[in-house]
Amino acid sequence: MNKLVWSIGASDCTGGGGIQADLHTFKDLGADGCSVISAVTAQNSATVSLVESVSEQMFTDQLACLTADMQAKVIKIGLITSVKHVQILAEKLAEFKQTWAVPPFVIYDPVAVALTGEKMAEEGLVELIRTALLPCIDLLTANAGEVLTLSGHALISGESLKPAALKLISLGCQSVLIKGGDFELVDKIALDYWTDGKREIALSSARLTRMESHGTGGILASAIGATIALGYFIEDALVVAKAYLNQELKAAKKLGFYGIAHLGWPTNKTDFPEVVLPESKIGYELDLPGTLEAGPGFASCGTLKLGLYPVLDSVEWLDKVLKLGVKTLQLRIKDKQPEQVEQQIIEAIALGRKYNARLFINDYWQLAIKHQAYGVHLGQEDMDVADLPMIADAGLRLGLSTHGYYEILRAQQLKPSYIALGHIFPTQTKQMPSDPQGLSRLGKYAQLLSDIPTVAIGGINLERATTVWKTGVGSIAVVSAITHADSPKIAIESFNQVIQ
Ligand SMILES: Cc1ncc(COP(=O)(O)OP(=O)(O)O)c(N)n1
Ligand SMILES: Cc1ncsc1CCOP(=O)(O)O
Ligand SMILES: [Mg+2]
C-alpha cells in the first residue's frame, strides 16, 4: 500500500517544527515521508533570525526527483516564503491532480501567512496563496490569525467559525479545519471545527500548553496527513491527529524545550477528543446541524461480553439458535413496511423472553418500543431519524453501528448499551460503502472501548474467530457463518469454544 506523505515546507533547526517534525510525525504514525525544502530557517524559542528561500530550480528539482520515483498519497504543505514557490506549487499541484492515477490529498498549514511583511513572507504572497494555492487544497488547517489573514473573518465567538470556514471554502479549498490551539472560545477547551461546506465536525479537548509551543499546528496537520495516507477517512484522521497532539503535549511538559515525544499511535482514551453533539452548549454556539444529545444513557446489558451474536432474518432462525443456547441475537429484516414485520417482531420478542435471551430488533425501533423488546440495533443513518430519548425512556437497550474512530467517539457520547465495529472482513451479506477495517483497527478500537460492550461484525467465520476474539472485542456478530453452515449446531458450538 502506498502510504507516502510529502512534506513541502521549511527546515526548522530546532526540530520542534517544520520539515524535521513533519517527517518524525509521519514515521511515528506508520506512514512514509519525503521532503521538499522551500526555505531554511535559523530560529530558536525566542526569535527567527534568518530565513532563506531555496532557488526556484532547487524547489522545482526536488519535486521532479520525487515525482519520478513515487507519487505521494498525501502532500502536506507548511511554510512557503516566496511568491515564485507558490506559483510553481500551484502549477505542480494542478498537474498532479490531473495526471496521477490517484490524485494526492493536499493539506496546507498556512504557517506564518499572518506575518506578511516580516521575515517569513514576501509582499504579494498572501494574495497569491488566496487566488492560486487555495483552489488546489483539499484541507486547509488554519488558526485564528491565519483565518483572519486569509478570509478577513475575525473569530470572536462560536458563531463566527462557520462563516469564516465557508468564506475560505468559497476561495477554492475543499475543506477547512479551524484549530483552536491559539484562541479560547470556551473556557479551558481547545476546540477544533471542520467543515467541507456540507458536513460539520467539532472536536473538543481540555486545553494543554507546553513550554515552547511552536510547531504544534504543523504536527497536527502532519498527523492528519499520515493518518489519511494510512487509508482512514478525514473525520477519523482529525480525531487521531488531535489525540496524537494531546499525547505529545502532555509528554512534552516533561521534556522541556522543543519537546516532542513522538510516542506513536495514540491508544490512551484520555488523549482522545470529545465529539461535540449538536444539542450541547458548544453545539448550539456553533449552530451544528442535527439533534443528537447526550442523555443519561441506555439500559445496560449487564455484561461487557455479549459472546456469540447471530444476526438472523426470521423467527424460525431465532427459534433454532435459541434452542442451541444462544443468549445474544438480533432480528434483522430489511426493507419491509412496519405492518409486514410487526407480527414477526411480536413473536421474536416473546421467544427472546422465553429463553431469557438478549434479543435486539434491527431498524424497527417504534415497533420495538411498542412491544417492549429487550433492545434495538441502529445504524448511523438510523440514528439521525430515530427518537433516541424515547428508546432510552422506554428502558430498551441500544446497540449502535460504527465504522471508524469518529463514529465511535460520537456513539460513546450517547452512552449506548453496546458499540458495534464493522465491517471487519469482506462480506457477501451486505453491500458496504467502504473497505473492510481489518484486525489491526479492530484491536485499536477494542482497546479504546474497554469500558463498554463491543461487537465485531462483517465476514467473521470460524477460521477468523480466534484472531478476532484475541483483539479483546466482547462479542462476535455473524450472519452467514451460521445461516450458510452445513450444521448451525456445530458452528455455534465451535464459536462458543473460541469465545470463552
Ligand atoms: C451487531 C450489528 N452490527 C451492525 C449491524 C449493521 O447495522 P446497520 O448499520 O443499521 O445496517 P443494517 O443491518 O440495518 O443493514 C447490525 N445489524 N448488527
Ligand atoms: C449487517 C452487517 N453490517 C455490517 S457487516 C454485516 C453483515 C455481516 O454478515 P456476515 O457475517 O455474513 O459477513
Ligand atoms: Mg439499520
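For clarity, every value in this text was computed on a predicted model and none was experimentally measured. Values below: all heavy atoms of this structure, side chains included; hydrogens, waters and symmetry mates excluded. Start at 1 and go down the list; that is how both ligands and their atoms are numbered.
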Looking only at protein heavy atoms, what sits closest to atom 8 (P) of ligand 1 is Ser401 OG, 3.5 Å
Is Arg332 in polar range of ligand 1, meaning some N or O pair under 3.5 Å apart? yes
Please confirm whether Asp382 comes within less than 3.5 Å of ligand 1 when only nitrogen or oxygen atoms on both sides are compared. yes
What short N/O contacts, under 3.5 Å, does ligand 2 make with the protein, listed by atom pair and distance?
residue	atom	partner	partner atom	Å
ligand 2	9 (O)	Thr429	OG1	3.3
ligand 2	11 (O)	Val479	N	2.9
ligand 2	12 (O)	Thr429	OG1	2.4
ligand 2	12 (O)	Ser480	N	2.9
ligand 2	12 (O)	Ser480	OG	2.6
ligand 2	13 (O)	Thr427	OG1	2.6
ligand 2	13 (O)	Gly459	N	2.7

Less than 3.5 Å between some nitrogen or oxygen of Tyr418 and one of ligand 1, yes or no? no
Can you tell me if Glu381 has an N, O or S atom under 2.8 Å away from the Mg ion (ligand 3)? no
Centre-to-centre under 6.0 Å for Phe233 and Tyr406, is that the case here? no
For Ser175 and Asp196, test the side chains for any donor-to-acceptor distance below 3.5 angstrom and give the result as yes or no. no
What is the nearest protein non-hydrogen atom to atom 2 (C) of ligand 1, stated with its residue, atom name and distance? His377 CE1, 3.3 Å
In ligand 1, the atoms that come under 4.0 Å of a heavy atom of Gly379 are 8 (P), 9 (O), 10 (O)
Give, for atom CD of Glu285 and atom OG of Ser160, the distance between the pair rounded to the nearest 0.5 Å. 9.5 Å
Is there at least one pair of N or O atoms, one from Lys334 and one from ligand 1, spaced under 3.5 Å apart? yes
Around Lys27, counting heavy atoms of other residues, nucleotides and ligands shown, do more than 12 lie under 6.0 Å from its NZ? no
Is it the case that His262 and Tyr244 place a side-chain donor and acceptor less than 3.5 Å from each other? yes
Ring pair (Phe, Tyr, Trp, His ring centres under 6.0 Å) partners for Trp100, two or more places apart: Trp6, Phe96
In the protein, which heavy atom is nearest to atom 17 (N) of ligand 1, and how far is it? Gln330 OE1, 2.9 Å
Taking the six-membered ring where the residue is Trp, are the ring centres of Tyr418 and Tyr309 under 6.0 Å apart? yes
Indicate the ring-plane relationship of Tyr405 and Trp265, choosing parallel, tilted or perpendicular according to the 30° and 60° boundaries. tilted
Would one find more than 12 heavy atoms of other residues, nucleotides or ligands at under 6.0 Å from atom CD of Glu339? yes
I need the atoms of ligand 1 closer than 4.0 Å to a non-hydrogen atom of Lys430, numbered in the order shown. 8 (P), 9 (O), 11 (O), 12 (P), 15 (O)
Name whichever N, O or S atom of Asp363 ends up nearest to the Mg ion (ligand 3). OD1
Could you tell me whether Asp138 and Lys97 have a side-chain N and a carboxylate O separated by less than 4.0 Å? yes
Exercise: do Tyr445 and Gln437 side chains pair donor with acceptor under 3.5 Å: yes
Any heavy atom of Phe360 under 4.0 Å from ligand 1? The part involved is neither
Run the salt-bridge test on Asp109 and Lys179 with the 4.0 Å N-O cut-off and return the result as yes or no. yes
Does the N or O separation between Ile457 and ligand 1 drop below 3.5 Å for any pair? no
